[in-house]
Structure formats: structure tokens, C-alpha cells
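Each ligand, and each atom within it, is numbered from 1 in the order the structure gives. One is the number of the first residue; the rest follow in order along the sequence.
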Amino acid sequence: MRYALIHANVWIGYDTDEILENQTVLINNEVIEKIVPDGASIPSDFQVVDLKGQYLLPGLINLHAHLFGTGKPSKTLGGGGSQKALMKFVHSPLGKPVIDKMVKEHALTALHSGVTTIRSSGDFVYSDVRIRDKINRDEILGPRLLVPGPAITCVGGHGDGTFAVTSNDPQTLASYVDENYNHHVDCIKICVTGGVMDAKVKGEPGVVKMNLEQVRAVCQRAHDYGYQVASHTESSQGIRIALEGGVDTIEHGSFLDDELIALFKERQSAFIVTTSPALPLARLSPEITKLNDLCVYNSEVVLKGMIDGAKKALANDIPVGLGTDESCPLVTAYNMWREIYYFHKFYDVSNAFALHTATLGNAKIIGLSEEIGSIEIGKCADLIVVKENPLEDLKRLKDIQMVMVRGHLIDKPTYQNLPQVDEWLDSLL
Ligand SMILES: [Zn+2]
């Protein structure tokens with residue numbers, strides 16, 4: 001597997017509009033070996049791929065995704081009898097292969113849409129671990145996956161009854177970290193606050209569920225293993241407890257005051273925005289989203305807090321990352337480009353900064369910036385090709401011409417899209 005990508009316009013992944021025009025990029029197995037102007041001699045054992053002036057970028061990194069769901073609006077995950085029945089099936093011997101098949105399909109869809117790395121955020125019965133292992137054993141050509149196994153929370157916390165394991169006893173919660181470690185996970189996911197779908201009170205989507213002692217017990221055990229801890233956190237009070245307890249990445253986020261900004265800096269934690277579910281759930285008609293009044297109202301609260309908090313974080317040099325929260329209603333596996341577009345549109349950042357955040361910025365947050373996130377010599381060949389310059393219009397990221405993951409080239413990436421969902425989402429652009 002040796003490739004010479006010629007006539008490439010290269011954007012390397014830094015926060016700049018600069019494009020290196022007419023370049024040849026040599027890929028030797030997994031590694032970017034050389035970046036030279038076109039015309040340089042190419043060793044005969046390299047397969048030449050002519051990009052014809054198309055744009056070569058680092059592969060996209062999605063820091064928050066659940067792999068099980070399609071992204072179609074659904075009432076099932078809002079609780080009740082149908083959710084219980086579904087969960088019973090998921091945990092049955094019959095359910096496992098069905099879940100594994102869905103998880104595989106969504107991971108491949110993400111890859112073919114240009115996402116070469118996914119940090120997942122809680123899936124069922126270690127299906128995330130199994131698909132990661134298949135990819136790492138080269139049985140499937142998939143994205144690089146960092147997986148947490150089941151999320152961990154207290155009784156009644158976000159994900160209780162679905163993708164989380166629960167207890168109120170701090171020692172038991174810590175033992176769930178051991179269990180995930182024994183299943184060879186890559187990181188730990190907890191849920192400090194509730195969420196939009198499980199909120200009971202108007203205006204309070206991020207009710208604090210886990211207490212400081214519980215959060216601390218999980219984080220300490222996780223850090224003993226060298227794991228980062230990500231926490232679903234949708235209120236300011238929740239952020240305080242999460243950061244004081246040792247959480248490394250605050251998922252979704254909320255409004256920040258000076259004290260929280262100081263805490264973020266002291267703990268060197270990052271703020272991960274997921275605009276992809278919040279925006280359509282707040283702004284599309286309830287006939288589409290199938291949400292009740294309470295959920296619509298609370299989605300707007302989450303959206304406002306996320307945008308306001310992330311803007312403050314950016315202004316204070318706190319790392320802000322991007323994830324889609326794929327599997328939420330209206331979040332498909334192939335829509336990372338929308339998250340990047342929303343970041344530019346709603347958070348007052350340039351196109352270059354938005355794309356930099358989804359590549360090198362996200363890589364830094366998960367400690368992988370030495371390996372991935374930019375097109376530099378010695379780095380892993382996780383690359384995408386788009387027809388026209390995405391820095392002029394981020395919507396062009398939807399038009400992926402090629403994907404390379406760990407040096408494997410996918411010449412004509414394809415995936416099944418959901419035209420109706422796309423049409424609804426396009427109305428928000
Ligand atoms: Zn999530």
C-alpha cells in the first residue's frame with residue numbers, strides 16, 4: 001500500500017486559510033512520508049492517484065457519537081413501554097447480532113462521509129468494543145474508534161435503562177470502571193446531569209444527578225487506568241461538580257461564569273459542543289421531532305447554554321471540541337459536516353477555525369495530535385478529498401470524493417442517506 005497523491009491542494013489542519021497548491025503527497029503504508037511540490041520524482045512502487053486539483057484535508061474527528069441509532073426521529077428512546085421492550089431485546093442473545101450489525105453499518109457510514117476517527121459516547125452491551133476490535137484486526141475497514149463501553153451514572157441518571165449502568169454507591173460505580181477496563185475500553189463516559197429527553201421540569205434539562213463523591217470515585221479509578229473521563233453535562237451546576245470531581249471533557253456544556261472558567265483552566269478540561277441534536281430539536285416543528293412542549297423548551301435552553309458557554313470558553317482559551325451526538329433524533333452517522341458548519345454559523349468562528357477544531361483541535365483534546373489531525377510528515381494517513389475548497393463554504397465537506405484511513409484508500413465512498421431527514425436539516429442551514 002504505497003500511494004502518491006498528485007495534483008493535490010492541501011490544507012494541513014492548522015487554523016489558517018492557507019492552501020498548499022499543486023502538491024504530491026507520498027503515503028507509505030499507514031504513514032505520510034513526504035509532501036513535495038508536483039513534479040518531484042515518484043518511486044516506481046508508489047501507485048499514482050491524480051487528485052486533479054481537488055482538496056486534500058485531514059480526516060474528520062467526531063468526539064461524541066453513539067453508534068447504535070439511525071438518526072431518525074423516534075419516541076422509543078424517550079422512555080416508556082416501547083423503550084423497555086427494545087432494551088430487553090438488545091440485552092437478549094438475539095439482540096446482540098442485530099445491534100452489532102447496526103453499529104458496524106453506522107461506523108462505516110461515518111467513515112465514508114469523511115470521519116476517520118470517532119470517540120464514541122456510550123453504546124449497548126460492549127458493541128462498541130467489538131466493532132473497534134474488528135476494525136483493529138483489519139477484518140473491516142472502519143474508522144479509528146475510541147470506545148467507553150456502557151456509560152456510568154447513578155440510579156435515575158441519564159442513560160439509566162438504556163446505555164448506562166447505574167448505582168448510587170461510589171465504590172460500585174468505581175467497580176464499573178474496572179469492568180469496562182476488563183473489556184478493554186479506551187475511555188470512560190459518565191452522566192453527571194440529566195438530559196433533554198428525561199427532564200421533568202421546564203427550564204431544567206441538566207438537573208444534577210451524580211453527586212461529587214460519586215463523580216470523584218469514578219474519575220479517580222479511571223485516571224488510575226490512564227483513562228480520560230467524558231461527562232454528559234447540561235447545566236452550570238453540573239459542570240461545577242463534574243470539573244471538581246475530575247472530569248476531562250464536558251459534553252454538551254452550558255453557561256459558564258468566571259468561577260467555572262477558572263475551574264476549566266485549573267483542571268485543563270475541554271468543552272465539547274454537540275449542536276447537531278440541540279438545534280433541530282429546538283428549532284424544527286414538533287411534528288417532525290415528535291417532542292412534547294417540555295422537551296422543545298428544554299432543547300432551546302440546552303442550545304443557548306451550549307453556544308453561550310462555548311463562546312466564553314473560546315474567549316478564555318479553553319479547548320472546545322466538536323461532536324455530533326449521532327444516534328440522537330435527527331443526527332445521522334454522515335452529518336459531521338453539519339456540526340462543523342453550525343460551529344462556524346452559531347459560534348462566531350471562521351471556517352478555517354471550525355475545520356481546524358474538527359481535525360487537529362479534536363485530536364489534541366483526546367491526546368492523539370502526534371498521530372492524527374493534520375497532514376504532516378510522519379503522521380497517520382487519515383485523509384479526505386473534497387472537490388472544491390471547503391474553507392470558502394463548509395457545505396462542500398458533504399461532497400466527499402475519497403477517504404483514506406490508516407493508508408487504505410476508499411476511492412468512491414458511498415453510504416445510504418436519509419433524504420427526508422436531510423431535507424429537514426437543510427432548512428436550518
Ligand atoms: Zn451523547
Visitor: Which word best sums up how the rings of H183 and Y126 line up, parallel for under 30°, tilted for 30 to 60°, or perpendicular for over 60°?
Guide: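 It falls in the parallel class, under 30°.
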Visitor: Taking E244 first and then R267, would you say they form a salt bridge - that is, a charged N and a carboxylate O separated by under 4.0 Å?
Guide: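 The answer is no: the pair does not qualify as a salt bridge.
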Visitor: Report whether any nitrogen, oxygen or sulfur of H232 sits less than 2.8 Å from the Zn ion (ligand 1) (N, O or S, backbone or side chain).
Guide: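 No.
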Visitor: Quick one: report the N, O or S atom of D325 that is nearest to the Zn ion (ligand 1).
Guide: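 In D325, the heteroatom (N, O or S) nearest the Zn ion (ligand 1) is OD1.
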Visitor: Could you tell me how the ring of H91 sits relative to the ring of F124: parallel (under 30°), tilted (30 to 60°) or perpendicular (over 60°)?
Guide: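 Perpendicular, since the angle between the ring planes exceeds 60°.
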Visitor: So that I can check it, does any N, O or S atom in H64 come closer than 2.8 Å to the Zn ion (ligand 1)?
Guide: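 So H64 does bind the Zn ion (ligand 1) by this criterion.
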Visitor: Which one of Q228, K189, H64, R119 satisfies the side-chain hydrogen bond (donor to acceptor under 3.5 Å, both in side chains) criterion with T249?
Guide: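 So the option named by the test is R119.
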